[in-house]
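What follows is a short report on a single structure.
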Number of protein chains: 2
Amino acid sequence: MSDELLRSLDQAGVRLTGPRREIAALIAKRNGHFTAADLIADASKRRLGVGRATIFRLLDLLAEQGLVERVDLPDGRHAYVPCEPSHHHHLVCVACGAIAEVEDCGIDAVTAEASRRSGFTIESHRLELFGRCPNCRSAN
Amino acid sequence: MSDELLRSLDQAGVRLTGPRREIAALIAKRNGHFTAADLIADASKRRLGVGRATIFRLLDLLAEQGLVERVDLPDGRHAYVPCEPSHHHHLVCVACGAIAEVEDCGIDAVTAEASRRSGFTIESHRLELFGRCPNCRSAN
DNA sequence: CACACAATGAGACCAAGTATCAATACCCCG
DNA sequence: CGGGGTATTGATACTTGGTCTCATTGTGTG
Ligand SMILES: [Mn+2]
Ligand SMILES: [Mn+2]
Ligand SMILES: [Zn+2]
Ligand SMILES: [Zn+2]
């Protein structure tokens, strides 16, 4: 359901407009990761009259709130995945696009070690894991 | 020096052309990460007559050989950093762009744990660490 | 219910990257 | 050493992803 997204947006003090509700519904209906282009296609297929810019604007908003996160696919595309606002990482199925979230599982030790070796202060990190989900593994 | 890059390209059986030599020299002269646009600017400043497409083409080639690696900056830009062809990760200074490389330091344990929890088979991963290098930390 | 102002969509615009293609330049081979 | 087959080149057009502007509309608030 898109209610979750809308509620969080409301909380953040942004206006709950018609276009935003419709785009939120499109996002809720997707599974796995999606690109801005996907949403634009969805919207035009359903003849919702929402403008291209509005979709980009909402994605930015959602990303700011941490309700959606940007994933840089290995092929260079920019995709989004709906997710919890807390820090975590994504496993991306290269076959079907399914996403799993994984919370801290030892990354802090890695960054601490890297910091020690390099002398850098580490402020943030990004970890993306690519592979095959249980379904796609068995299906081949 | 750009000789390193050129030698590796030669080894890989690609032709050592004039434009490629010039672009390799531009890359060697940079420090930290750089974007395709940076190189294009460098080239046009020096009135080398190399075409835009040729720069993109060489970057692809170098990336294939692992002589250069793509880093997705947090702001969405695609940057490149010259590096060893062996697997490793990058620390990127958000202030000056300096890069440090760090080899395996515990990441395999993390991916194994993530795989166990999620049921995914993991084929590849990408880890990028962002922070401040020793210079930039003290300089503020 | 009115009003101030956030948000919208149309469209122009920009930047990054790709495709095409005739002209050129490597480099291999005799 | 010269050709000559072929990989590479640059110009140019095109596509795609994203931003900017601005007049118009729609929301939330009081
Ligand atoms: Mn990217
Ligand atoms: Mn690694
Ligand atoms: Zn899958
Ligand atoms: Zn620095």
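Letters A, B, ... mirror the listed sequences (proteins, then strands); counts begin at 1. Keep in mind the model is a prediction, meaning the values are calculated, not measured. As a basis for the values below, the full set of heavy atoms in this structure was taken, side chains included, without hydrogen atoms, waters or symmetry mates.
Of all non-hydrogen atoms in A:Leu39 and A:Leu26, the two that sit nearest each other are O-CD1, 4.0 Å.
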Kindly give the atom pairs (protein nitrogen or oxygen, nucleotide nitrogen or oxygen) under 3.5 Å for nucleotides 16-19 of chain D.
{"unit_1": "D:dG18", "atom_1": "OP1", "unit_2": "A:His78", "atom_2": "ND1", "d": "3.2"}
{"unit_1": "D:dG18", "atom_1": "N7", "unit_2": "A:Arg52", "atom_2": "NH1", "d": "3.3"}
{"unit_1": "D:dG18", "atom_1": "N7", "unit_2": "A:Arg52", "atom_2": "NH2", "d": "2.5"}
{"unit_1": "D:dG18", "atom_1": "O6", "unit_2": "A:Arg52", "atom_2": "NH2", "d": "2.7"}

So which protein N/O to nucleotides 23-26 of chain D N/O distances come out below 3.5 Å?
{"unit_1": "D:dG26", "atom_1": "N2", "unit_2": "A:Arg15", "atom_2": "NH1", "d": "2.6"}

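A:Leu59 places its CG atom 15 Å from the P atom of C:dA7, with the value rounded to the nearest Å. Remark: P of C:dC28 and CG of B:Leu16 are 11 Å apart, rounded to the nearest angstrom. Straight-line distance from the CG atom of B:Leu6 to the P atom of C:dC27: 11 Å, rounded to whole Å. Whole-Å rounding puts the A:Asp75 CG to C:dT18 P distance at 11 Å. Distance, B:Leu73 CG to C:dA16 P: 13 Å, rounded to whole Å. The distance from atom CD1 of B:Ile55 to atom P of C:dA15 is 16 Å, rounded to the nearest whole Å. C:dA16 atom P lies 12 Å from atom CG of B:Leu39, rounded to whole Å. What separates CD1 of B:Ile40 from C1' of D:dA11 is a distance of 14 Å, to the nearest Å.
Residues A:Glu84 and A:Glu101 have side chains in contact (heavy-atom distance under 4.5 Å, counting atoms from C-beta outward). Under the 4.5 Å side-chain criterion, counting only non-hydrogen atoms from C-beta, A:Arg15 is not in contact with A:Asp10. In this structure, A:Arg46 and A:Glu22 have side chains that are not in contact, with every pair of non-hydrogen atoms separated by 4.5 Å or more. Between B:Leu62 and B:Ile27 the shortest side-chain heavy-atom distance falls below 4.5 Å.
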Exercise answer: donor-acceptor pairs, residues 115-122 of chain A side-chain atoms, under 3.5 Å, sequence neighbours excluded:
{"unit_1": "A:Ser115", "atom_1": "OG", "unit_2": "A:Phe120", "atom_2": "O", "d": "2.7"}
{"unit_1": "A:Arg116", "atom_1": "NE", "unit_2": "A:Glu113", "atom_2": "OE1", "d": "3.3"}
{"unit_1": "A:Arg116", "atom_1": "NH2", "unit_2": "A:Glu113", "atom_2": "OE2", "d": "3.2"}
{"unit_1": "A:Arg117", "atom_1": "NE", "unit_2": "A:Glu113", "atom_2": "OE2", "d": "2.8"}
{"unit_1": "A:Arg117", "atom_1": "NH2", "unit_2": "A:Glu113", "atom_2": "OE2", "d": "3.3"}
{"unit_1": "A:Ser118", "atom_1": "OG", "unit_2": "A:Ala114", "atom_2": "O", "d": "2.8"}
{"unit_1": "A:Ser118", "atom_1": "OG", "unit_2": "A:Phe120", "atom_2": "N", "d": "3.1"}
{"unit_1": "A:Thr121", "atom_1": "OG1", "unit_2": "B:Arg137", "atom_2": "NE", "d": "2.7"}

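Distances shorter than 4.0 Å separate some side-chain N or O of A:Arg20 from OP1 or OP2 on C:dA7.
Shown here are the salt bridge (charged side-chain N to carboxylate O under 4.0 Å, His left out) partners of B:Arg57, two or more places apart in sequence or in another chain: there are none. Residues forming a ring-ring contact (aromatic ring centres under 6.0 Å, His included) with B:His90 (at least two apart in sequence, or on another chain): B:His88.
Considering B:Glu103, B:Glu128, B:Arg126, B:His125 in turn, B:His125 is the only one that fulfils the side chain to side chain donor-acceptor pair (under 3.5 Å) rule with B:His89.
Between B:Arg21 and B:Arg57, the residue anchored nearer the 5' end of DNA chain C, judged by the nucleotide with its closest heavy atom, is B:Arg57.
Linking Ile, Leu, Val, Met, Phe, Trp and Tyr residues whenever their side-chain heavy atoms come within less than 4.5 Å leaves A:Val92 and A:Leu129 in two separate clusters.
Annotated stems with DNA chain D as a participant read C:1-30 with D:1-30, given as range with range, by first number; only runs of 3 or more Watson-Crick or G-U pairs under 3.5 Å qualify.
Salt bridge annotation for B:Asp42-B:Arg30: present, with a cationic side-chain nitrogen under 4.0 angstrom from a carboxylate oxygen.
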